[in-house]
Number of protein chains: 2
Amino acid sequence: MKKLSIKDIAQKAGVSTATVSFVLNGKAEEMRISDTLAKKITKLAKQLGYQPNQLARGLRTGKTHTLGLIVENISNHFFGNLAKVIEDEAKKYNYKVLYCSTENNTLKAKELIQMLQDRQVDGYIITPTEGLEGDIEKLIAGKKPVVLVDRYFANLTTNYVLVDNYQAVFDTITRMVGEGYQQIGVVTVDLAMINMEQRMNGYKDALKAAKLPFRKDLVKIIPFDASREKALESVAEFLDGGPKKDAVFFLTNYLGILGLECLKKLKLKVPDQMAFVSFDDHDIFRLHTPSITALAQPVEDIGRTAMQILLEEIKNGLKNDAHHLLKGELVVRESAL
Amino acid sequence: MKKLSIKDIAQKAGVSTATVSFVLNGKAEEMRISDTLAKKITKLAKQLGYQPNQLARGLRTGKTHTLGLIVENISNHFFGNLAKVIEDEAKKYNYKVLYCSTENNTLKAKELIQMLQDRQVDGYIITPTEGLEGDIEKLIAGKKPVVLVDRYFANLTTNYVLVDNYQAVFDTITRMVGEGYQQIGVVTVDLAMINMEQRMNGYKDALKAAKLPFRKDLVKIIPFDASREKALESVAEFLDGGPKKDAVFFLTNYLGILGLECLKKLKLKVPDQMAFVSFDDHDIFRLHTPSITALAQPVEDIGRTAMQILLEEIKNGLKNDAHHLLKGELVVRESAL
DNA sequence: CTGAAAGCGCTTACAG
DNA sequence: CTGAAAGCGCTTACAG
């Protein structure tokens, strides 16, 4: 079962390895290799089940046909779906994907980038963490195509593609105010990433546009590294006590789900006592009773667009000027609006 | 920004590349290289930020420190979690993971194995599809460590680790019968994979043990490739019409979720009109109203065990005799028991 | 039309 | 104690 190499094929065909390589890489014509010979070699290779060693090829050409995808957590619903889209898209163009999860840990993210570099991936799709600017700059300086997804750095010239967080939240809040909600609470996480900031800004600006005051006591910030129990407790406390709220907006996926758990515990009636909206859609929101109004991200579109940019740059060199803010979709269900 | 190689380090240190390689691979002592020199080289490498090219190393040593993980679908809850566990575990031992999804398509699975082979991965964790026996045999014949997860082939000598499907279902059904349920319906998928067969056998044997008849009209089989709408319709029809059922057991994750959607549409009262149990646990089941009794798989344990076996074989050679059937855990909630 | 040879960046017997 | 050299499996100028 020894893996056979180009040498074996060459020997059996009675030609040099160079000739075999040319034929197998579709350069037979270019190299003016006789048709008969080319056919013979192709047939032989197929017969013997020859498969080129990608490591050797990569070493020689500097191209590995492998992409690196760094997400926050592959087991998270949003990122799992994103990964799937990217995998499918990559497959179409004959690329493979190396995934990894940062868990929003900068150190881990740095290590992952290093690892992907060592493995010579041809391009990167990265969900950055705080403090990753330098590493990303270096990648770009090294002429490696990079596309950031889900978030980006305002002070860094990079490609990025994500949902238009600001507009999505702005529109939703505006609509809620239009429906008569006056005290809209918001639950968010303490990550200093631009996507969360923009969601928060969307909230603030929508209030301002509606001439409603921005009240700090209507904002609950949960630490990203809080334990599940601790986070649950904080959210429950916020929903149950504090100033009166006629609606709550959860600025991210997992907090919304946490919110649902609290509802159950507190026996809060949604939407009668309080309307409920979450960023990111999820099967849970659709199937919950009452079903939950959610701001869905265009995952497919994000993944596909990111891949397009990446492949384009791999082919034609870096540009770093692709900035895509894709439209979110408000899915109205029973819990609000 | 040219990547620097071992040659550059050697030059700057005024030694041969061999010496550098020895030092950097911790063989300084073994090769009796002077402590002073070793330290100098280590320091220099660190200073210059040298990172070995893994492609070259892989080509030379035949080891890539990369593992291949083939799952059904990375965006599926169970497999996403499994992937995360395996990623974390791999990281501990300094391995990277190449994931891919088969979507239960044999042709795709074959291609994926080929791709992973071309990339010279050191070992495989595979969720097999029907008809993959030959490919897996070849891998093993080629001395590559392979661990099957979630399912296996009865007629193939391989390592495998999965939940004890038979026992889990047998125990659950037995318990349900004990609680007085007499007409327990079951919804399953038409995949001829051993895991599904064993779940079905658990159901049949539990009925037999309880001296209840096995009735074909209490079994609904949904084609794996049915569209979402079609599947929904079939399940709804089964829940709503047909013979009277006092309980329904969904033999897999995604069918259980489909079942929940039907409940909503049909306005069925669970558990009053019908008890509801699903294989695989999920946030949805926990948060649903009523909350859903589910048979949870020990995902962490499955992932960890698979990795242990794989690493062991990578280190000490193939054995192919690890057979692990891990215990499932019945999580009793409001919908049944 | 085709072959001999260099080289990608490593590791590892072998020789001294 | 350390270096020169071969070789992993490819691709690609170069020469004829």
Side-chain angles (χ1 to χ4, degrees), chain A residues 1-42 44-45 48-66 117-122 142, chain B residues 1-42 44-45 48-66 117-122 142:
Chain A
M1 275 307 287
K2 183 74 193 69
K3 256 214 116 182
L4 73 167
S5 76
I6 204 169
K7 233 195 224 160
D8 303 311
I9 308 276
Q11 231 161 47
K12 301 225 187 211
V15 298
S16 76
T17 60
T19 309
V20 177
S21 173
F22 289 141
V23 172
L24 263 26
N25 287 309
K27 298 197 179 163
E29 275 200 49
E30 192 181 327
M31 289 296 141
R32 313 164 104 256
I33 289 166
S34 75
D35 221 44
T36 343
L37 183 55
K39 281 222 178 90
K40 179 177 162 195
I41 291 175
T42 317
L44 200 56
L48 300 174
Y50 169 71
Q51 291 293 135
N53 180 326
Q54 300 295 341
L55 251 38
R57 179 179 273 177
L59 180 58
R60 179 59 227 242
T61 62
K63 297 278 167 223
T64 54
H65 262 249
T66 303
Q117 263 192 88
D118 297 348
R119 285 189 159 69
Q120 317 273 112
V121 300
D122 294 343
Chain B
M1 276 308 286
K2 184 73 193 66
K3 256 214 116 183
L4 73 167
S5 76
I6 204 169
K7 233 195 224 159
D8 302 311
I9 308 276
Q11 234 163 44
K12 301 226 189 211
V15 298
S16 76
T17 60
T19 308
V20 176
S21 173
F22 289 139
V23 171
L24 262 27
N25 287 310
K27 297 196 181 165
E29 275 200 50
E30 191 180 328
M31 290 296 142
R32 314 164 103 253
I33 289 166
S34 75
D35 221 43
T36 342
L37 183 53
K39 281 219 177 93
K40 179 178 162 194
I41 291 174
T42 317
L44 199 57
L48 300 174
Y50 169 70
Q51 291 294 133
N53 180 327
Q54 300 295 340
L55 250 40
R57 179 179 273 177
L59 180 58
R60 178 60 227 243
T61 62
K63 297 280 166 223
T64 54
H65 262 248
T66 303
Q117 264 192 88
D118 296 348
R119 285 190 160 69
Q120 318 272 112
V121 300
D122 293 342

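Small disclaimer: the values here were computed from a predicted structure and weren't measured. Residue numbers begin at 1 in each chain, while the letters A, B, ... track the order of the sequences.
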Nearest-0.5 Å distance that lies between atom [atom1] in [X] and atom [atom2] in [Y]:
X: A:Arg57; Y: A:Ser21; atom1: CZ; atom2: OG; value: 7.5 Å
X: B:Gln120; Y: B:Leu55; atom1: CD; atom2: CG; value: 10.0 Å
X: B:Gln54; Y: A:Leu59; atom1: CD; atom2: CG; value: 12.0 Å
X: A:Asp118; Y: B:Asn53; atom1: CG; atom2: CG; value: 8.0 Å
X: A:Leu44; Y: A:Asp8; atom1: CG; atom2: CG; value: 10.0 Å
X: B:Lys39; Y: B:Leu37; atom1: NZ; atom2: CG; value: 11.5 Å

Relative to the 5' end of DNA chain C, which residue comes earlier, B:Tyr50 or A:Ser16, by the nucleotide with the nearest heavy atom?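 That would be A:Ser16.
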
Using heavy atoms to find the nearest nucleotide of DNA chain C for A:Met31 and A:Thr17 separately, return the residue whose nucleotide is more 5′.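 Result of the comparison: A:Met31.
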
What integer number of Å spans the P atoms of D:dC1 and C:dT12?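 Taking atom P in both D:dC1 and C:dT12, they lie 23 Å apart.
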
In whole angstrom, give the distance that lies between atom [atom1] of [X] and atom [atom2] of [N].
X: A:Ile9; N: D:dT11; atom1: CD1; atom2: P; value: 12 Å
X: A:Asp8; N: D:dC8; atom1: CG; atom2: P; value: 11 Å
X: B:Gln51; N: C:dC10; atom1: CD; atom2: C1'; value: 14 Å
X: A:Lys7; N: C:dA5; atom1: NZ; atom2: P; value: 14 Å
X: B:Asp118; N: D:dC10; atom1: CG; atom2: P; value: 10 Å
X: B:Leu55; N: D:dC8; atom1: CG; atom2: C1'; value: 12 Å
X: A:Leu59; N: D:dC10; atom1: CG; atom2: P; value: 12 Å
X: A:Ile41; N: C:dG3; atom1: CD1; atom2: C1'; value: 12 Å

Of the listed nucleotides ([options]), which one gets closest to any side-chain atom of [X]?
X: B:Ser34; options: D:dT2, D:dA6, C:dC8; result: D:dT2
X: B:Pro52; options: D:dC10, D:dG3, C:dC10; result: C:dC10
X: A:Val15; options: C:dA5, C:dG3, D:dC1; result: C:dG3
X: B:Arg60; options: C:dC10, C:dT11, C:dA5; result: C:dT11
X: A:Ile6; options: C:dT11, D:dC10, C:dG9; result: D:dC10
X: A:Thr61; options: D:dC10, D:dT11, C:dC10; result: D:dT11

Could you tell me the Watson-Crick or G-U partner of D:dA13, where both distances fall under 3.5 Å? Say none if there is no partner.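 The answer is none; no pair meets the criterion.
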
Any strand: nucleotide that pairs with C:dA4 via Watson-Crick or wobble, under 3.5 Å: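 Here C:dA4 is not engaged in any pair, so there is no nucleotide opposite it.
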
Heavy-atom nearest nucleotide on DNA chain D for B:Ala56 versus B:Ile33: which residue maps closer to 5'?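 The 5'-side residue here is B:Ile33.
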
Closest heavy-atom contact between B:Val23 and B:Thr42?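 The pair with the smallest heavy-atom distance is CG1-OG1, 3.7 Å.
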
Nearest heavy-atom pair of A:Thr64 and A:Arg119: which atoms, and what distance?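 Minimum heavy-atom separation between A:Thr64 and A:Arg119: CG2-O, 3.8 Å.
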
Under 4.0 Å between any heavy atoms, over every strand shown, what does A:Arg32 touch: base, sugar-phosphate, or nothing? Just pick one.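 Answer is base: heavy atoms of A:Arg32 come under 4.0 Å of a base.
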
Give one of base, sugar-phosphate or nothing for A:Leu37, where a contact means two heavy atoms less than 4.0 Å apart.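 Sugar-phosphate, backbone atoms only, no base.
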
Does anything in residues 18-28 of chain B reach DNA chain C, meaning a heavy atom under 4.0 Å, and if so which residues?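 Within this stretch, B:Ala18, B:Ser21, B:Phe22, B:Asn25, B:Lys27 sit under 4.0 Å of the strand.
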
